[in-house]
Number of protein chains: 2
Amino acid sequence: MTVTPETETPPARGKRPKQGEPVIDRALSLLAVFSDRRRALTLSELARYADMPAPTALRLIARLVAWGALERLDDGRYVVGVRLWEVASLSPRGHGVREIALPYLEDLFEVTRHHVLLAVRDNEQAVLIERLSGKDATEVAYRVGGRAPLRSTAIGLVLLAGADQQFQETILKRPPENEPGVPEMPEGQLRRTLSDVRRTGIAMIRRTVPSRTVSVASPIFDAQGSVVASLSIVVPDGSTPPNVLAPAVRAAARAVSRNLGHQAVVSADARTHSQG
Amino acid sequence: MTVTPETETPPARGKRPKQGEPVIDRALSLLAVFSDRRRALTLSELARYADMPAPTALRLIARLVAWGALERLDDGRYVVGVRLWEVASLSPRGHGVREIALPYLEDLFEVTRHHVLLAVRDNEQAVLIERLSGKDATEVAYRVGGRAPLRSTAIGLVLLAGADQQFQETILKRPPENEPGVPEMPEGQLRRTLSDVRRTGIAMIRRTVPSRTVSVASPIFDAQGSVVASLSIVVPDGSTPPNVLAPAVRAAARAVSRNLGHQAVVSADARTHSQG
DNA sequence: CAATACTATTCCAACCATTGAAAGAACCCT
DNA sequence: AGGGTTCTTTCAATGGTTGGAATAGTATTG
């Protein structure tokens with residue numbers, strides 16, 4: 001008796017993994033594969049990291065390339081395209097604040113000759129928008145387009161202190177992350193720190209890794225009074241004292257804020273003076 | 001036998017305009033709506049400009065917002081998001097060349113105190129990657145992330161001269177575009193100009209609109225010897241003569257090229273010298 | 001030089017995400 | 001109150017989307 005071999009395999013095509021995810025999400029997950037370490041990727045790498053079959057990846061990538069979101073190199077690998085960069089340059093919180101802040105960052109840099117950083121918050125991290133660095137400045141961990149933690153950097157603390165209350169609570173209730181080179185803060189101390197940052201307009205953090213540095217940061221406000229960005233300076237520990245840097249950083253941040261339409265609250269002292 | 005009444009109305013819902021366009025293309029066309037003049041858009045504006053029904057636009061936009069490609073403002077309008085900017089910062093031809101070239105652009109700017117521009121070619125236009133401008137510099141038409149024509153700007157001519165032969169022919173056969181303030185070049189003259197640019201490594205153009213300026217540009221090569229970018233300086237006509245600017249611009253462009261791994265061809269003269 | 005392993009591409013039938021008219025909700029203006 | 005606009009939800013039909021399989025191409029190894 002001849003038994004047809006396929007009697008036992010009804011779900012031959014049945015196992016469709018992940019089918020059903022929106023196309024856009026898949027396309028975006030392809031873009032998300034790119035990172036500092038992965039700037040040029042092959043089809044199979046993209047498919048593997050984005051967790052989808054090669055034919056599917058290829059089809060999506062073809063659309064992205066046609067539009068210019070990705071570009072194909074001579075060796076067949078894919079990179080992020082200029083067209084995407086072009087659209088992204090219209091991002092108000094990306095290139096937008098950068099354009100407005102740049103002259104003041106440059107002033108600060110010219111005066112101090114140390115790292116000057118500009119960052120905005122995206123979700124639970126700070127995204128570095130601009131960095132000015134002298135060729136002889138100390139090593140710094142973060143690159144433009146990169147991310148930094150909120151709780152263990154001065155630039156991040158400023159953004160955290162200026163975030164909406166609900167978000168702050170979410171972060172505060174997390175167990176303190178254990179980052180090397182930065183003393184970890186328990187919830188209570190962190191609360192006090194954030195309060196101080198709001199009152200003084202200055203955040204300060206000492207690091208020992210990757211090198212011994214002091215960072216001083218100050219918030220940038222928009223016309224509505226929300227903290228939209230954070231401006232920071234990073235100097236080798238032991239060079240310029242933080243209390244000398246603070247006024248310069250604050251002044252630069254306020255200048256940017258004013259350009260964004262923020263009406264600074266004049267302190268009682270100053271008002272008394274102008275009245276007297 | 002009962003005849004069903006719908007025998008005469010098969011195309012009841014049949015008129016589905018534009019249905020069938022790939023989802024990704026639609027999503028990308030939403031991104032493409034944003035421009036210098038349109039940085040914050042409402043749902044209906046996006047739907048109108050991208051030419052799709054509001055519900056469809058809403059659904060797509062929701063995915064884009066979830067990922068971070070777009071962000072929603074308090075007033076309900078949408079803007080390009082930081083997440084997109086972050087990925088775009090990995091674009092080799094965008095932020096990539098910019099990072100490598102920036103120090104040399106700054107040197108050139110410090111010395112001359114005039115507009116210094118960096119651009120790459122995307123299709124039939126130049127895309128401005130970076131611009132350094134003094135606060136007192138002359139008015140210039142182009143912003144970072146913006147586009148400039150290839151044939152009527154110095155920075156564009158350099159990119160055109162360095163493009164593959166086939167592409168150049170396509171452009172050359174076009175009727176000369178009539179841009180105000182720039183003398184239009186017939187095909188023959190343009191051919192000669194491009195040849196000169198390749199030979200001398202310098203392009204020069206005088207404009208009268210929006211102001212009387214002279215632009216001098218020079219190509220940036222990669223390790224394979226391809227022209228990947230163009231570096232330009234724009235000065236008021238009558239200030240520094242172009243033949244004085246040319247060496248500085250060429251030197252800066254060569255410095256960037258070297259950093260990209262380009263092995264410059266040493267001229268016969270120089271070789272003779274080193275041998276003697 | 002064949003064998004092996006990997007990557008890239010084409011093909012196609014099943015299928016489910018996608019679609020957009022319709023209707024309702026929420027705001028304007030006047 | 002009412003006409004006009006924008007935003008949002010719903011839902012059934014359907015065509016774009018899907019991924020296994022097969023094929024072609026390319027690099028590596030014995």
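So that the names make sense, note that chain A is the first sequence line, chain B the second, and so on, each numbered from 1.
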Q: Run the salt-bridge test on A:D122 and B:R83 with the 4.0 Å N-O cut-off and return the result as yes or no.
A: no
Q | Distance below 4.0 Å between B:T56 side-chain N/O and C:dT19 OP1 or OP2 | A | no
Q.
The criterion is side chain to side chain donor-acceptor pair (under 3.5 Å); which residues satisfy it with B:E130, sequence neighbours excluded?
A. A:R98, B:R98
Between the protein and nucleotides 2-7 of chain D, which nitrogen or oxygen pairs are less than 3.5 angstrom apart?
from  : atom 1 : to    : atom 2 : distance (Å)
D:dC7 : OP1    : B:L43 : N      : 3.4
D:dC7 : OP2    : B:S44 : N      : 2.7
D:dC7 : OP2    : B:S44 : OG     : 2.9

**Q.** Separation of atom CZ in A:R26 from atom P in D:dT18, rounded to whole Å
**A.** 5 Å
**Q.** Nearest-nucleotide 5' precedence on DNA chain C, A:V23 against A:P55
**A.** A:P55
Q: For the pair B:H95 and B:W85, name the ring-plane relationship: parallel under 30°, tilted 30 to 60°, perpendicular over 60°.
A: perpendicular
(Q) In this structure, how many angstroms lie between the P atom of D:dT8 and the CD1 atom of B:I61, rounded? (A) 9 Å
Q | Spacing of A:Y49 atom OH relative to C:dT7 atom P, expressed in whole Å | A | 11 Å
Q. Do A:R59 and D:dG19 have a side chain to base donor-acceptor pair shorter than 3.5 Å?
A. yes
(Q) Please give me the minimum heavy-atom distance between A:Q168 and A:A163, naming the atom from each residue. (A) NE2-O, 2.8 Å
Q.
Rounded to whole Å, how long is the line connecting atom CE of B:M52 with atom C1' of C:dA21?
A. 17 Å
Q.
According to side chain to side chain donor-acceptor pair (under 3.5 Å), who are the partners of B:R191, at least two apart in sequence or on a separate chain?
A. B:E169, B:E187
Q. Can you tell if the side chain of B:E45 reaches within under 4.5 Å of the side chain of B:Y78, non-hydrogen atoms only?
A. no
Q.
Rounded to whole Å, how long is the line connecting atom CG of A:L60 with atom C1' of D:dG16?
A. 12 Å
